[in-house]
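Single-structure report; data block below.
Residues take their numbers from the sequence shown, with the count starting at 1. Remember, predicted model here, so these are calculated numbers, not experimental data.
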Amino acid sequence: MAKLFTEREIKGTIGFLLLAGVLLLGFRLAEPKADPEAAAALERRMETRDSVRLVPFDPNTADYETLRSLGMTRHEAVSLLKFRASGKVFRIPEDVALCYGIGDSAYRVLAPCIRIGETYRLRPREERRTAGRFTRSRRDTLPRLPLSPFRIDTVSVRYLTAVGVLTRRQADVFVRWRDRSGFRDMEEVRACYVVDDSVANLLEPFLLFPERDPTAWEAPVELNTADSARLRSVVGIGPKTVTAILRYRERLGGFCRTEQLAEVRGVTEANYEKILQQICCDSNEIQKIDINFAPAHVLERHPYLAPRTLRRLLKRRQLKGGWKSIREMIEHDILTEEEAARLRPYLVFGDPHDAKHAPND
């Protein structure tokens, strides 16, 4: 019987198979190894890329799939469900931030979508509203104390929980915050992250703050030299308002009239009159600007120089070389009468070293 392949063909076929095997093995060895962490990250991205939908949800009723569709990780979703399984409920949106396993960054993303249902919402009970009694849910059958005026510097966790305005966990945070930083006005109370606007509005009529040191009334605070601690001693000026005053004072160059405080963002109409009784200002402390030589970046920071006025001023100054008085600037249509009246205390037209003695007219 004749052979199907010659000996030479058989040897050639075997050699080709061996060579092909070597080449395939080389390609497999050259392939980059998969990074487990990168693969896991890719899997998470692929899993949530098309499924994340930030829609309103109630953390008291949302199921696992809903929480995951909101972009929560498995750990965060399970933590929230365990929080509920332990018998706890979410009365206000900020309660979600107290849930173990949900970080601040996750809460900030979810906060706009949180909607507490009617069953669980913190609200005044209709039939006892006039008596000042509050409840946190229909299922909560524990008796509540009437909410009456109380001193915020001595109130206990037990009382805050008993009146039903805060949960026990929130009350613990509230009291620790109070003991660490103190509460001297409603602005500081609202700064506590467990107190949202609804809780603050409920508490405000009943809060009694400790009396301030009366020396602030006897010795007015000078606006241009006072530091943040001195400004904070003024009744009606909270920590955020202090920062706003200091920033505005720097841009302005100092206050020449106490009434300018009304221009500061954060000074409300309600506390403005009270603040005026406790402050004064020394116009000699104003940092003045030499209008003929001050660079553009210095001028543009002043709140009384509008961008359009500044452009006109710089262009004319470059052509003319400067002015001798503020009246001359009005005549050259650089400033209006109103702008000139506001800027007059802050401008000089001579040597910057003689700023406090140079004439303005």
Side-chain angles (χ1 to χ4, degrees), residues 83 86-100 104 107 111 114 116 120-217 228-229 231-242 266 268 270-271 274-275 278:
F83 185 87
S86 66
K88 299 175 182 177
V89 295
F90 301 96
R91 310 297 186 188
I92 58 177
E94 285 75 10
D95 282 349
V96 175
L98 299 177
C99 181
Y100 178 79
D104 292 340
Y107 172 71
I114 299 174
I116 306 299
Y120 308 97
R121 186 181 306 157
L122 179 66
R123 66 193 187 284
R125 187 175 294 175
E126 294 295 331
E127 65 272 20
R128 298 184 181 178
R129 181 176 295 176
T130 56
R133 297 175 64 89
F134 299 92
T135 185
R136 295 178 307 195
S137 77
R138 292 175 182 171
R139 296 184 304 173
D140 191 353
T141 58
L142 294 176
R144 295 296 172 205
L145 295 176
L147 187 56
S148 57
F150 61 91
R151 289 182 58 89
I152 196 169
D153 56 331
T154 58
V155 67
S156 65
V157 171
R158 183 176 180 181
Y159 178 79
L160 291 171
T161 307
V163 296
V165 176
L166 298 175
T167 65
R168 176 57 185 258
R169 192 170 182 180
Q170 289 173 322
D172 283 335
V173 173
F174 184 87
V175 170
R176 287 200 302 270
W177 188 297
R178 187 270 317 274
D179 294 341
R180 184 179 67 250
S181 305
F183 293 125
R184 291 182 288 183
D185 51 41
M186 279 306 301
E187 185 176 342
E188 290 190 349
V189 173
R190 293 177 186 274
C192 180
Y193 69 89
V194 298
V195 179
D196 68 354
D197 289 340
S198 61
V199 173
N201 292 335
L202 288 174
L203 288 174
E204 188 168 8
F206 303 99
L207 296 182
L208 301 176
F209 294 95
E211 294 184 2
R212 299 285 188 90
D213 187 347
T215 55
W217 295 78
S228 58
L231 288 172
R232 189 66 187 89
S233 69
V234 176
V235 178
I237 296 182
K240 293 182 181 178
T241 309
V242 166
T268 63
N271 58 18
K274 183 185 295 184
I275 294 174
Q278 307 168 69

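Annotation: the span from Ile114 atom CD1 to Phe90 atom CZ amounts to 8.5 Å, rounded to 0.5 Å. Summarising the geometry, atom CD1 belonging to Ile92 is positioned 4.0 Å from atom CD belonging to Gln170; distances are rounded to the nearest 0.5 Å. Arg91 contributes atom CZ, which lies 14.0 Å from atom CZ of Arg169 (distance to the nearest 0.5 angstrom). In this structure, the separation between CE on Met186 and CG on Asn201 is 7.5 Å, given to the nearest 0.5 Å. To the nearest 0.5 Å, atom CG of residue Leu160 and atom CG of residue Leu203 are 7.5 Å apart. Expressed to the nearest 0.5 Å, how far CG of Leu207 lies from CD1 of Ile152 amounts to 4.5 Å.
Scanning all heavy atoms of the two residues, the minimum distance from Ala171 to Thr161 falls at CB-OG1, 3.8 Å. Closest approach of Ser156 and Val175 over heavy atoms only: C-CG2, 4.3 Å. The shortest heavy-atom contact between Gly236 and Ile275 is O-CD1, 3.7 Å. Counting all heavy atoms, side chain and backbone alike, Arg178 lies closest to Thr154 at NH1-N, 3.6 Å. When all heavy atoms of Asp197 and Arg190 are compared, the pair lying nearest together is OD1-NH1, 3.6 Å.
Salt-bridge formation is not detected for the pair Arg176/Asp172: no Lys NZ or Arg NE/NH1/NH2 atom is positioned less than 4.0 Å from an Asp or Glu carboxylate oxygen.
In this structure, the side chains of Val189 and Phe174 come closer than 4.5 Å at one or more pairs of heavy atoms.
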